[in-house]
Number of protein chains: 2
Amino acid sequence: MPVTIKDIAKQTDVSHSTVSRALHGSPLIAKNTAERIRQTALELGYFPSAAARSLKTNRSQALGVIVSSVEDPFFSEILQGIEEVAQKSGYSLFMAASQRDPEREQAIVQAMSEHRVDGVIICSASFKAEQRRQFLAYGVPIVVVNNQAAEDYRYSIYHDDVDGSRQITRHLLDLGHRRIAYLGNSSSGRTTLDRLTGFQQEMDTAGLVVPPEHIHEVSGGGPEDGLAGLEHFLALSVRPSALVCFNDMLAIGVLKGLQQAGIQVPNEFSVTGFDNIVFSAFTNPPLTTFDQPKRFIGAEAARLVLELLNTPPAEDSSVQSQVRMLKGRLLVRETTALPAASSPRAPSPVLEPGLPRGNRDYPAGTGTTTRKS
Amino acid sequence: MPVTIKDIAKQTDVSHSTVSRALHGSPLIAKNTAERIRQTALELGYFPSAAARSLKTNRSQALGVIVSSVEDPFFSEILQGIEEVAQKSGYSLFMAASQRDPEREQAIVQAMSEHRVDGVIICSASFKAEQRRQFLAYGVPIVVVNNQAAEDYRYSIYHDDVDGSRQITRHLLDLGHRRIAYLGNSSSGRTTLDRLTGFQQEMDTAGLVVPPEHIHEVSGGGPEDGLAGLEHFLALSVRPSALVCFNDMLAIGVLKGLQQAGIQVPNEFSVTGFDNIVFSAFTNPPLTTFDQPKRFIGAEAARLVLELLNTPPAEDSSVQSQVRMLKGRLLVRETTALPAASSPRAPSPVLEPGLPRGNRDYPAGTGTTTRKS
DNA sequence: GGGATTCGTGCACACGTGTGCATTACCTGT
DNA sequence: ACAGGTAATGCACACGTGTGCACGAATCCC
């Protein structure tokens, strides 16, 4: 029903090929003919059919984004970064939520394959190898963001969780804490392992042994899971004096639990989060956390896919896989303090400037690593 | 490069038409031929090209979703509802964020038109009439969600904000409050007006006059805007005893401001939100708010578009426009109490059951209105 | 001024899929 | 055995766009 180039051709008494070329600014067409054609195209309200074009060019001008849950504010911000870059480059986004359900994943892969997306960005922890293979089978560049066994994919961009967790832990150590515990989220794959690793590395360096009951995992990443996880630690005979939480949402649940239990934060107990989601600045007290450059991560992921699109499969055999690792920064707010009956060691490393939201977009501390695979 | 039906045709020694029919389960094809074809299709890893198909059928199997900001947790939940229904019906989603920027809106409309989306859902307050016209020009069903001058569109689905705001206000009146103020968000169009209307209606009914300085608007809907808005009220010579906030995010900022000012909530000051976003249950104290069935709203919007797709333009002249209005429910938590030095009037209408997150998806209190336009 | 070159345009085919119509083979009834 | 019918398949065109090639006309060179 919409206007086609044939309609324009009739109107201007030329062939449809001439119209096609004119609209593409081909130098073959006479200046005034082209102008006339462009004019009537505008008048008729013409816009090209992406379907027809992608049939010929094998380019759909669309990227697929797979996320585990739209609701998660962490992914929302990454999505935002992706969206900005894609839109600026004239790409549209196919979005789908896997809900960590393999069946849905399968359906999503199918749908995106059918729509012949030019590239895919995966922000889902639980993405199965089988689905990935189907994508690769038809030769689409894939970039994974965080939360993934990066080694399985050729291109990935992620945040240096080990480093972040070390900074968080060191901050607590510097304050004088000795009995520090870790609360993980078993459903987020490698991410929780990396953060645990950073935690343990720093405890090792400080010469401290972490008893096994000071490491606990829950099966989700929401506030309610944090609430549940806290109970484990409160029931211990030797309670920790500080708790490093896998992410901000868990920490928010923990804060609520502590308040219900009548335990003062940070005077009696210190808590840290991870990610710096918007609301972490508005808890009571405001949450000490690690600021991941979420938007920037998303933007980088989008840039990487687009880059891969423009460098055709010049990948013969000695393929280079690219992994970009971004660093964030520690954000000291008010849920951490010296432990009860102890003396301070060192001052807070970074005081948060201005509005308590953290920066939204910064390339500081970015590192790119290229390695053979 | 991917496998086509022609490849399958060669492999099975039939024509491509036969393959096409076999894969569609046409009764014209012999049982065993069809089976053989389906088998080899599976072996070759065939999946149809959406581009080619939509070229013939004029169906792209994709819906466009336009949102003002991905970051807003309110939209995230609506998006979730849309996504679920769309996925279940085999539709993919084109997602784009307008950022309230007319230029971007234009680009989005263009991109979605080119991709020939089958339908559009708009969840953006500031969507210009011009863009809408371009959509209508090529005959795409449009459904708008909330936040919009619903009268401009034929199909819309929204939440009964007036009712919600009345319930919130009545709750405060029942507790004994008399000096109640309203904090709005000037950038969210009709929504803030509806909520203000509900507030004023209920105050009128109670025979109370609201002084103009007790109605204040800020230009955004984030926590930082709430913080700024609170200052206006604290500076008044006659302070209100309760504040009705446009949404939860403003309320969260207000809570922080009150805490900084050393004012006790709810003993010295009551605060209410609106929307029941996830984090409203985890503020300190937990926020009294109005629970919009966000997910359900999204799902209903998706259902409505799909429904419109399946009823071809049987719209001659006496067009029926459809407006579905959903109702939410009051969620009394702990930021509201009797005003200082006053006596109670009535008990809380609804006590929240179970986990303090509110329900996620319910059709209770749903009403559908159909009217001539 | 005639052949070679450039410029502007149209013809025809291709991309992958769907479908009306024609064609063939086989079966049924008399 | 032959007409008529049904079942199964292929042919050819269409959807809207892009592009190699050919063709005609104008221009240029010597």
Side-chain angles (χ1 to χ4, degrees), chain A residues 1-38 40-41 44-62 90 110-111 113-118 138-139, chain B residues 1-38 40-41 44-62 90 110-111 113-118 138-139:
Chain A
M1 199 78 59
V3 183
T4 75
I5 54 171
K6 291 190 181 173
D7 298 330
I8 303 180
K10 267 179 208 155
Q11 188 91 10
T12 52
D13 266 326
V14 294
S15 72
H16 80 274
S17 343
T18 304
V19 175
S20 173
R21 283 192 258 259
L23 295 181
H24 283 336
S26 161
L28 289 177
I29 305 298
K31 296 269 157 70
N32 44 9
T33 314
E35 186 47 44
R36 191 162 47 100
I37 290 174
R38 268 195 288 270
T40 57
L44 296 182
Y46 167 78
F47 38 87
S49 156
R53 171 188 290 149
S54 76
L55 195 56
K56 279 299 282 185
T57 62
N58 277 321
R59 286 289 177 112
S60 60
Q61 296 287 332
Q110 181 77 22
S113 300
E114 292 187 5
H115 279 98
R116 303 286 195 269
V117 289
D118 293 335
Y138 103 87
Chain B
M1 197 80 55
V3 183
T4 74
I5 54 172
K6 291 190 181 174
D7 299 329
I8 303 179
K10 269 180 208 156
Q11 188 91 10
T12 52
D13 266 326
V14 293
S15 72
H16 80 276
S17 343
T18 304
V19 177
S20 173
R21 283 192 258 258
L23 295 180
H24 282 341
S26 161
L28 288 177
I29 306 298
K31 295 267 158 70
N32 44 9
T33 314
E35 186 47 45
R36 191 162 46 100
I37 290 174
R38 268 194 287 270
T40 55
L44 297 182
Y46 166 79
F47 36 90
S49 156
R53 172 187 290 147
S54 76
L55 196 56
K56 279 299 283 186
T57 62
N58 277 322
R59 285 288 175 114
S60 60
Q61 296 287 332
Q110 181 77 22
S113 299
E114 292 188 3
H115 279 97
R116 303 284 194 269
V117 290
D118 292 336
Y138 103 88

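Below, all heavy atoms of this structure are taken into account, side chains as well, without hydrogens, waters or symmetry copies. Lettering of chains follows the sequences in order, A, B, ..., and the numbering in each one begins at 1.
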Once side chain to side chain contact (heavy atoms under 4.5 Å, CB included) is applied, do any residues pair with [X], and if so which ones, sequence neighbours excluded?
X	answer
A:Lys6	A:Thr4, A:His16
A:Ala34	A:Ala22, A:Ile29, A:Arg38
A:Ala52	A:Ser49, B:Leu55

Partner residues of [X] under the side-chain hydrogen bond (donor to acceptor under 3.5 Å, both in side chains) criterion, sequence neighbours left out:
X	result
B:Gln110	B:Glu114
A:Thr18	A:Ser15
A:Ser60	A:Asp118

Query - Bend angle of the helix from C:dG1-D:dC30 to C:dT30-D:dA1, from helix axes over five pairs at each end, nearest 10° - result: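 For the helix from C:dG1-D:dC30 to C:dT30-D:dA1, the axes at either end differ by 50°.
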Provide a list of protein-nucleic acid N or O atom pairs under 3.5 angstrom, restricted to nucleotides 19-22 of chain D.
unit_1	atom_1	unit_2	atom_2	d
D:dT19	O4	A:Ser17	OG	3.4
D:dG20	O6	A:Arg21	NH2	3.1

The ring-ring contact (aromatic ring centres under 6.0 Å, His included) partners of B:Tyr46 (sequence neighbours excluded) come to none
So the side chain to side chain donor-acceptor pair (under 3.5 Å) pairs with at least one residue in residues 20-29 of chain A (sequence neighbours excluded) are none
So which protein nitrogen or oxygen atoms get under 3.5 Å of nucleotides 23-26 of chain D's nitrogens or oxygens?
none

Check your understanding: Which residues, if any, of residues 4-13 of chain B bring a heavy atom under 4.0 Å of DNA chain C?
Key ->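 Going residue by residue through residues 4-13 of chain B, the ones with a heavy atom under 4.0 Å of DNA chain C turn out to be B:Thr4, B:Ile5, B:Lys6.
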